Structure formats: structure tokens, C-alpha cells
Amino acid sequence: MKNRTLVTALPFHLGQEVTIAGWLHNLRDMKNFGFAILRDRTGLAQVVLEAAHLEQLKGLQLETVIKVIGVVKEKKSKDPNAKEVEVQCVTLEILSPVTDPVPVEIAKPDIDVQLETLLDNRVVTLRHPKQRAIFRVQAALVHGYRAYMERQGFTEIFFPILAGAASEGGAEFFKVNYYDREATLTQSAQLYKQITMGVYEGVYGLSYSFRAEKFATSRHLTEFNQFEFEVGFVDGMGEVMDHAEAVIREQIATVERDCIEELKLLNVTLPPLGAQFPRVTLKEALQLYKDEGGIDETAEPDLSPAAERWLSTEWAPKAHGSGFVFVTSYPEAKAKFYTKPDHDHPGDMFNFDLIGFGSEIISGGLRVNRYDEQIQRIKDKGLNPADFEDYLMMHKYGIPPEGGFGMGLQRLTQNILSLSNIKEATIFPRDVQRLRP
Ligand code: ATP
Ligand code: MG
């Protein structure tokens, strides 16, 4: 729209005539005059209407799309330092009339409905300033990630979603009809990012992952986005963790820089980062949970959700001033076939999770890069190397020592904004029940 002024820019136009456009967020009819709240993508503005304008709005509902030409004036406020502005309407144009009342009230500081109702009415509830803010923060996380990776000289890759066979084994696959065959939706870009190690040495991408999760939890979706990353010619796993830590720091710095208003609106304090994210082995983590958390899970091969929460929201902030903690060396039994064994510590693997302010947000590690060793690992896992022909081709023709990680975009958003359910951090979530809107 030509000559349109956005709401946040109004204070720079004091005394001038401007054109603003947006949605009728709220309306107060005082008979001879009225106050409309106009919402655009940047914020809310009060518009003072005359009786004739109110007449134009007769029979119309909130969310009607309007265009206002008017004069920017200082708003009378109880607080003389407030320096707020409003627009005195001269002409009002209806761009898109709404005649049905909105199904969920969004013209108040918080939408107070159940999560399922919020999502059923996503088309409307997404317009609420706080809902909008969540996905502005999410976009900033992506910008920070991309900026970091580009600065390293890494290459952005767009990975396929449709695949002919289940790449990592397991049952949590969605099958789709593909002409006269069956295809699957990829669980991760593992195979593809590793293949590119033979070319680009450092790659990243924001891919889609699909998991046929059987149960509804507050941390799992059936469709989510994953920041994928892989880097070659590494000396060890520390190098991969260094990238993970640096990229998170940049992502959070980007949110702090670009989302000042959003963070204020959501009333969140971002998790502390500390000087360095602590790095502990799984055994050490379980020992800490026993000694300092008082719960003995030392016989377990993994961290329970409660242990992850304790470690990242209690232990790490207190001991290291950080809401993030790396846990390394998960046992062989839980590791994927592509994970590199730590031959100096038999039974341990070169793998890690980054637990970020509540739960796991990253899984990563070093990969087997030698052909013979990879064939052996596949056999050891009870899988058939013949099913991994494409995968093994890269090893056969040489990939460097390498590693990488996957980080869930929605999981990261959930944790840094302290949202209780991952679906709140997902613009159009899919779960066991939900496929709409
Ligand atoms: P979890 O233990 O949390 O179920 P995972 O270990 O099965 O996750 P990975 O294969 O390691 O998952 O995936 C890498 C990252 O992707 C995870 O660290 C997490 O951030 C995210 N992620 C994994 N599964 C889901 C899911 N179902 N919904 C949303 N994000 C997920
Ligand atoms: Mg994992």
C-alpha cells in the first residue's frame, strides 16, 4: 500500500496526516464519537472516530479490515511522560467487512481458552499480539542460526522429505502412497547431510522431520523442523559441541537484539548462558542427580525427563550460571548405527545431547567415517548392510572424520520462552489427533 505508515512509526509523524491500515482490534462506541484500536503487523494504535465513522462500522464486527487517513496527535494520558500518540480519523475505508463475531475473544491482554480451543481457532487466535510474538522470536532464532553458519562459510542445503526406505530403522515412520509403491517421510536429514560431507565439508539446513510418535507429550510433535548441521575434518567431538554452543549463543543474542518488544510482551527472561555451557558425561550427570538432586537413577542408560529438567534448570544455572548443559557418552545400546564408538572407553559412544532449559534440544556426535567400520556397525546393530547401499556409497568413496547435530526448532522455542507445551511453539501443530488447520 502506497504511503502507508506502520503503527510503530506513528510517533515520528506527530501533527502530520498519515494513512494506516489493519484490523479493527477493538471498538468503544461513545455515541457521538468512539475509539477504535487498529492492529497492524507492528502493533496497536488508538484511532479517534467521529459519529459518521461509527455509522460506517454499524453491523460490522471486530477483525474488519480498515484503512484510516487521519492526523497523528499526542494522546492525553494520566502519565505526562508517556508520550503516546493516537490518530484522529478523517476518512475511514472498509477494506474487508467482517459480519460474524470472532469465535475467540482476542482483544484483551491474554487469550484465556484451553490450548485445544486456541489451536482449533488458530486462524483467529494467531492474530493475538502474544501469539504473534512467539513466532517472531522463532524467526529470529532461525536468522541467528543462519547468520552463524554463513559466517563459517558453510553451505545451506535443502534436504528431501520423501524417501524410498526407512533410513534409520525403527517403527516411527509415516508411510505415504507413492504411485505404485510405498514411500516414507524422513525422520531426519542424517543420510543426506553426511553425503554432502564429501563435497562441502560444512553444511546446515532447516529441514522437516516426521515422527509417528505414539503418545501425546508436551515435548513431541509428529511434524517438526530441525536445524541440521554437519562438519568435516574435525579433531574431536568438542569441535562439534563448540559449534552447537556458539550457534545457540548467536540465536539468543539475535532474539535479544531483534525481539525487544516481543520479549517484553511475553514477559520472559531468557535462560542464562554463563561463561561456558558445562559438559558432563551421562555417568557424571546421573551421579550429580543422585548426590545433589537426591534421586538415584544411576542404573539407567539415559536421563529421565525429570533428570533433564533438574540438570538444566537447577544444577547448571547454580553451578555454572548456564541454562544449558552438554551430556556426553551415552551407551552403545541407545546409539544409532552411524554414531562413532569411543574405542578408548569401550561401551561409550561419541555422542551428546544438549539439554536446554528443561529438556533435550540437540542430539549430536561424531559419525563413523571409515567404510569397513560402518559395515561392521550396521551388522552389530542387527541391520543388513545391503539395505544401506546408498548410505555406504559415501563411505566407500571417502568422507572425512566428521560430526554434526540436529536441533528441534519448536523444542528450542518452547524452552527458551518457557512454554508449557511444544504446540504453543508451533504455528500449525500436528499431533496424534490434530491435522488441522
Ligand atoms: P527426544 O528424546 O526428546 O524424544 P530424540 O532423541 O528422539 O528426542 P533426535 O532424533 O535426537 O530426537 O532429534 C533431534 C532433536 O529434534 C531433538 O533434540 C529435539 O530437539 C527435536 N525433536 C525430536 N523429536 C521431536 C518431536 N517428536 N517433536 C519435536 N521435536 C523433536
Ligand atoms: Mg536425541
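Please read these numbers as outputs of a predicted model, since none were measured by experiment. Order of appearance sets the numbers: ligands from 1, and atoms from 1 within every ligand. Just so it is clear, the values below take in all heavy atoms, side chains as well, and ignore hydrogens, waters and symmetry mates.
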N/O to N/O below 3.5 Å, does that happen between [X] and ligand 1?
X	answer
M407	no
G406	no
I361	yes

Indicate whether any N or O donor in one side chain lies under 3.5 Å from an N or O acceptor in the other, for [X] and [Y].
X	Y	answer
E230	Y200	no
E308	S312	no
Q190	Q194	yes

Closest candidate by heavy atom, reference atom 22 (N) of ligand 1, pool F210, F227, F224: F224
Option of least heavy-atom distance to atom 5 (P) of ligand 1 (set: K334, R411, E360, E308): E360
Region of [X] engaging ligand 1 - heavy atom pairs below 4.0 Å:
X	answer
E213	side chain
R219	both
R211	side chain
I362	backbone

Salt-bridge criterion met for E116 and K423 (N-O under 4.0 Å): yes
Ionic contact status for R39 with E63, cut-off 4.0 Å: yes
I422 neighbourhood, listing ligand 1 atoms whose heavy-atom distance to it stays under 4.0 Å: 29 (C)
Atom indices of ligand 1, in the order listed, that fall short of 4.0 Å to a heavy atom of L221: 26 (C), 27 (N), 28 (N), 29 (C)
Given F229, F227, F154, Y145, the one that forms ring-ring contact (aromatic ring centres under 6.0 Å, His included) with Y204: Y145
Atom pair CD/CG of E360 and L412 - distance to nearest 0.5 Å: 12.5 Å
Euclidean distance, R370 CZ relative to R377 CZ, rounded to 0.5 Å: 16.0 Å
Contact check: E360 to the Mg ion (ligand 2), N/O/S below 2.8 Å: yes
